[in-house]
Amino acid sequence: MEIKTIAFPLHSDKRGALVAVEQLKDIPFEIKRIYYIYAVQPGDQRGFHAHKTLDQVLVCVNGSCKVLLDDGKEKRLIILDKPYEGLSVPRHIWHEMYDFSPDAVLLVMASDLYCEDDYLRNYNQFLTFVNGK
Ligand code: T46
């Protein structure tokens, strides 16, 4: 499985750092929704699903977390700990997020609005879905 990370333009000077992200340039889709996850308690895990049509880019803008990606054949573990690096999580990839540092803020840019019907929340259902593609 190919892992795609995206290096966002970083503008650093003596005042600090600024990261700019533009849709269809740095992000390979039009951004219809942004959400962020924080205050994850030690040991808590999130995700454990795939999406049928949603594409997303994850960036840990503060702190760190681990993301496990699974295409049904292969699993890859990625550590997100750079506010200027995005991780592409396209549709049909099972993902699990864990080991959040106490200060972690995980920002997600998504290609569509929230829709519960787009989730594959059962792993066997996910395998059937990707193997039947
Ligand atoms: C994903 C990973 C990376 C909404 O009402 N609107 C939203 O836009 C989202 C994302 C969630 N919700 C509600 C649905 C649940 O009642 O927020 C609650 C928590 O969502 P969930 O348990 O799906 O959160 P995670 O962290 O397991 O997964 C989230 C996204 O839902 C998911 O699309 O890919 O982050």
So does Thr53 get a backbone contact from the side chain of Asp118, meaning a donor-acceptor N/O pair under 3.5 Å? yes
Tyr35, OH: over 12 other non-hydrogen atoms inside 6.0 angstrom: yes
Residues Asp71 and Lys73 bridged, charged N to O under 4.0 Å: no
Please assess Ile3 against Leu87 for the test side-chain contact (heavy atoms from CB on, under 4.5 Å), listing each intermediate value before the final yes or no. CA-CA 8 Å; Ile3 301 297; Leu87 171 66; 3.8 Å; yes
What one should report as the nearest heavy-atom pair of Asp117 and Lys52 is O-NZ, 2.9 Å
Between CD1 of Ile6 and CD1 of Ile27, what distance do you get to the nearest 0.5 Å? 5.0 Å
Quick one: CG on Asp99 to OG on Ser64, what's the gap to the nearest 0.5 Å? 8.0 Å
Closest non-hydrogen atoms of Ala17 and Ser12, given as atom of the first, atom of the second and distance, are CB-OG, 3.6 Å
At their closest point, which heavy atom of Cys65 faces which heavy atom of Cys60, and how far apart are they? N-SG, 4.1 Å
Taking the side chain as everything from C-beta on, heavy atoms only, tell me whether Tyr123 gets closer than 4.5 Å to Asp70. yes
Less than 6.0 Å separating the ring centroids of His95 and His49? yes
Residue pair Asp112 / His51, side-chain heavy-atom distance below 4.5 Å: no
Is there side-chain contact between Glu85 and Phe8, with at least one heavy-atom pair below 4.5 Å? no
Quick one: are Phe100 and Ile37 in side-chain contact, heavy atoms under 4.5 Å? yes
Check the hydrophobic clustering (I, L, V, M, F, W, Y; side-chain heavy atoms under 4.5 Å; chains of links allowed) and say if Val108 and Val89 are grouped together. yes
On a heavy-atom basis, the closest approach of Leu113 and Arg33 is C-NE, 3.5 Å
Could you go through Gln56 and Leu58, starting from their C-alpha distance and side-chain angles, then the distance that decides it, and tell me whether this counts as side-chain contact (heavy atoms from CB on, under 4.5 Å)? CA-CA 7 Å; Gln56 304 191 99; Leu58 278 54; 4.2 Å; yes
Is it possible for you to say whether Ile34 and Val59 belong to one hydrophobic cluster, with membership spreading through side-chain heavy-atom contacts below 4.5 Å? yes
Hey, are the side chains of Lys75 and Glu96 touching, using non-hydrogen atoms and a 4.5 Å cut-off? no
For the hydrophobic clusters of this structure (ILVMFWY residues joined by side-chain heavy atoms under 4.5 Å, transitively), does one cluster hold both Leu80 and Tyr84? no
Within one Ile-Leu-Val-Met-Phe-Trp-Tyr cluster: Ile78 and Val40, side-chain cutoff 4.5 Å: yes
Strictly below 4.0 Å, N to O, side chains only: are Arg91 and Asp55 in salt-bridge contact? yes
Let me check something: do Met109 and Val105 share a hydrophobic cluster, defined by ILVMFWY side-chain heavy atoms less than 4.5 Å apart, either directly or through other members? yes
Are Ser111 and Leu54 packed together at the side-chain level, in the sense that at least one heavy-atom pair is separated by less than 4.5 angstrom? yes
Contacts of Tyr98 that satisfy side-chain hydrogen bond (donor to acceptor under 3.5 Å, both in side chains) - sequence neighbours left out: none
Is the CG atom of Leu10 crowded by more than 12 outside heavy atoms at less than 6.0 Å? yes
Validation row, ring centre Phe126 to ring centre Phe129 under 6.0 Å: no
For Asp26, check salt bridge (charged side-chain N to carboxylate O under 4.0 Å, His left out) against everything at least two apart and list the hits. none
Atom CZ of Arg76 and atom CG of Leu69: how far apart are they, to the nearest 0.5 Å? 8.5 Å
Does Val19 offer a backbone N or O that forms a donor-acceptor pair with the side chain of His11 under 3.5 Å? no
Under 4.5 Å between any side-chain heavy atoms of Phe29 and Val57, yes or no? yes
Please round to the nearest 0.5 Å and tell me the distance separating atom CE of Met1 and atom CD1 of Ile93. 5.5 Å
Count the heavy atoms of every other residue, nucleotide or ligand shown that sit under 6.0 Å from OH of Tyr38, and state whether that count exceeds 12. no
Heavy-atom side-chain contact between Phe48 and Tyr119 under 4.5 Å: no
At their closest point, which heavy atom of Arg121 faces which heavy atom of Trp94, and how far apart are they? O-CH2, 3.8 Å
